[in-house]
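Residues: numbered from 1 along the sequence shown.
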Amino acid sequence: MYERLLDRNREPSLSELAAYCGENGERFVHLNDYLSMEFGASQEVRFPYGSKYGWCVTHRKGRKLICDVFAEKGAFTVMLRLADTQFMLLYAGLTEYTRKCIDARYPCGSGGWIHYRVTDDGRLNDIKRLLNAKCR
């Protein structure tokens, strides 16, 4: 479950990535559209970090990375870095799953990276809140 598209030699289209997400395909499309419309982010389908990560949609504002959205079988995962202060400002109002992801973040400077799997509307709402903190 939650396998990623790992064939580096075959670049999928956005619609193929969304279809791969199955029942979360509409949420995948919604989040990618949201980032473009709300923050003016550019989108690029790419295979960025090596063979275990697979294909994703990378969102940037100018040259600044916002996040990577990795298509998975039946879901998708958002890879995002925030400062610890940004995480803590939102922490109390987030779901238990989101708080666990924040607690397990990979430290980096004065913040950290999370890998956040979206499988329902509650998680979609939380990742949008985190992305708002990143982009505002």
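One distance of note links CD1 of Ile127 with SG of Cys67; it measures 7.0 Å at 0.5 Å rounding. In this structure, SG on Cys56 lies 8.5 Å from CD on Glu44, to the nearest 0.5 angstrom. Considering CD1 of Ile114 and NZ of Lys100, their distance stands at 15.0 Å, rounded to 0.5 Å. Atoms CG and CG, from Asn24 and Asp120 in turn, are 7.5 Å apart once rounded to the nearest 0.5 Å. Here the OH-CG distance, from Tyr116 to Leu124, works out to 8.5 Å after rounding to the nearest 0.5 Å. Annotation: the span from Cys21 atom SG to Tyr2 atom OH amounts to 11.5 Å, rounded to 0.5 Å.
Taking the side chain to side chain donor-acceptor pair (under 3.5 Å) definition, one finds that Lys134 meets it with nothing, sequence neighbours left out. With sequence neighbours left out, the salt bridge (charged side-chain N to carboxylate O under 4.0 Å, His left out) criterion links Arg105 to Asp84. Take Ala83 and apply the side-chain contact (heavy atoms from CB on, under 4.5 Å) test, not counting sequence neighbours, and it matches Thr85, Gln86. Asn125 is linked by a side chain to side chain donor-acceptor pair (under 3.5 Å) to nothing, counting only residues two or more places apart in sequence or in another chain. Residues passing the salt bridge (charged side-chain N to carboxylate O under 4.0 Å, His left out) test with Arg63: none are found, sequence neighbours excluded. When the ring-ring contact (aromatic ring centres under 6.0 Å, His included) test is applied to Phe39, the partners found at least two apart in sequence or on another chain are Tyr34. With sequence neighbours left out, Lys61 forms a salt bridge (charged side-chain N to carboxylate O under 4.0 Å, His left out) with no residue at all. Not counting sequence neighbours, the partners of Asp121 by the side chain to side chain donor-acceptor pair (under 3.5 Å) test are Arg27. In this structure Lys73 satisfies the side-chain contact (heavy atoms from CB on, under 4.5 Å) test together with Glu3, Tyr20, sequence neighbours excluded. Under the side chain to side chain donor-acceptor pair (under 3.5 Å) criterion, Asn32 pairs with His59, not counting sequence neighbours. With sequence neighbours left out, the salt bridge (charged side-chain N to carboxylate O under 4.0 Å, His left out) criterion links Asp7 to no other residue.
Using a distance-only test at 3.5 Å, with no hydrogens or angles considered, no donor-acceptor pair links the side chain of Asp126 to the main chain of Thr98. No donor-acceptor pair under 3.5 Å is formed between the side chain of Glu38 and the backbone N or O of Leu35. Panel note: side chain Arg81, backbone Cys108; a donor-acceptor pair is recorded below 3.5 Å.
Atom CD of Glu96 has 12 or fewer heavy atoms from other residues, nucleotides or ligands within 6.0 Å.
A chain of hydrophobic side-chain contacts below 4.5 Å, direct or via other Ile, Leu, Val, Met, Phe, Trp or Tyr residues, connects Tyr91 to Leu131. Placement of Leu14 and Val118 within a single hydrophobic cluster is found when ILVMFWY residues are connected by side-chain heavy-atom separations under 4.5 Å, directly or transitively.
Taking the side chain as every heavy atom from C-beta outward, Leu17 and Val45 approach each other to under 4.5 Å. Taking the side chain as every heavy atom from C-beta outward, Glu16 and Glu11 never approach each other to under 4.5 Å. Looking only at side-chain heavy atoms (C-beta outward), Arg46 and Asp68 come within less than 4.5 Å of each other. Ser51 has its side chain out of reach of Arg8: every pair of non-hydrogen atoms, C-beta onward, lies at least 4.5 Å apart.
At a cut-off of 3.5 Å, with distance as the only test, a side-chain donor of Thr77 or Glu72 sits close to an acceptor on the other residue. A donor-acceptor pair shorter than 3.5 Å cannot be found between the side chains of Ser42 and Arg60.
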Where do Met88 and Ile102 land on the side chain to side chain contact (heavy atoms under 4.5 Å, CB included) test, with the steps shown first?
CA-CA 9 Å; Met88 291 309 119; Ile102 292 169; 3.8 Å; yes
For the pair Tyr97 and Arg123, evaluate side chain to side chain contact (heavy atoms under 4.5 Å, CB included) and give the outcome as yes or no after the intermediate values.
CA-CA 8 Å; Tyr97 173 81; Arg123 290 185 185 183; 3.3 Å; yes
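Nearest heavy-atom pair, Leu5 versus Phe47, reported as atom, atom and distance to 0.1 Å: O-CE1, 3.9 Å. Closest approach of Cys101 and His115 over heavy atoms only: SG-O, 4.0 Å.
Listed by chain and number, the hydrophobic cluster partners of Tyr53 are Tyr49, Leu65, Phe70, Met79, Tyr106, Trp113, where partners are ILVMFWY side chains within reach of under 4.5 Å, directly or through others.
For Arg117 and Phe76, the positive end is not near the middle of the six-membered ring at less than 6.0 Å and at most 45° from its axis.
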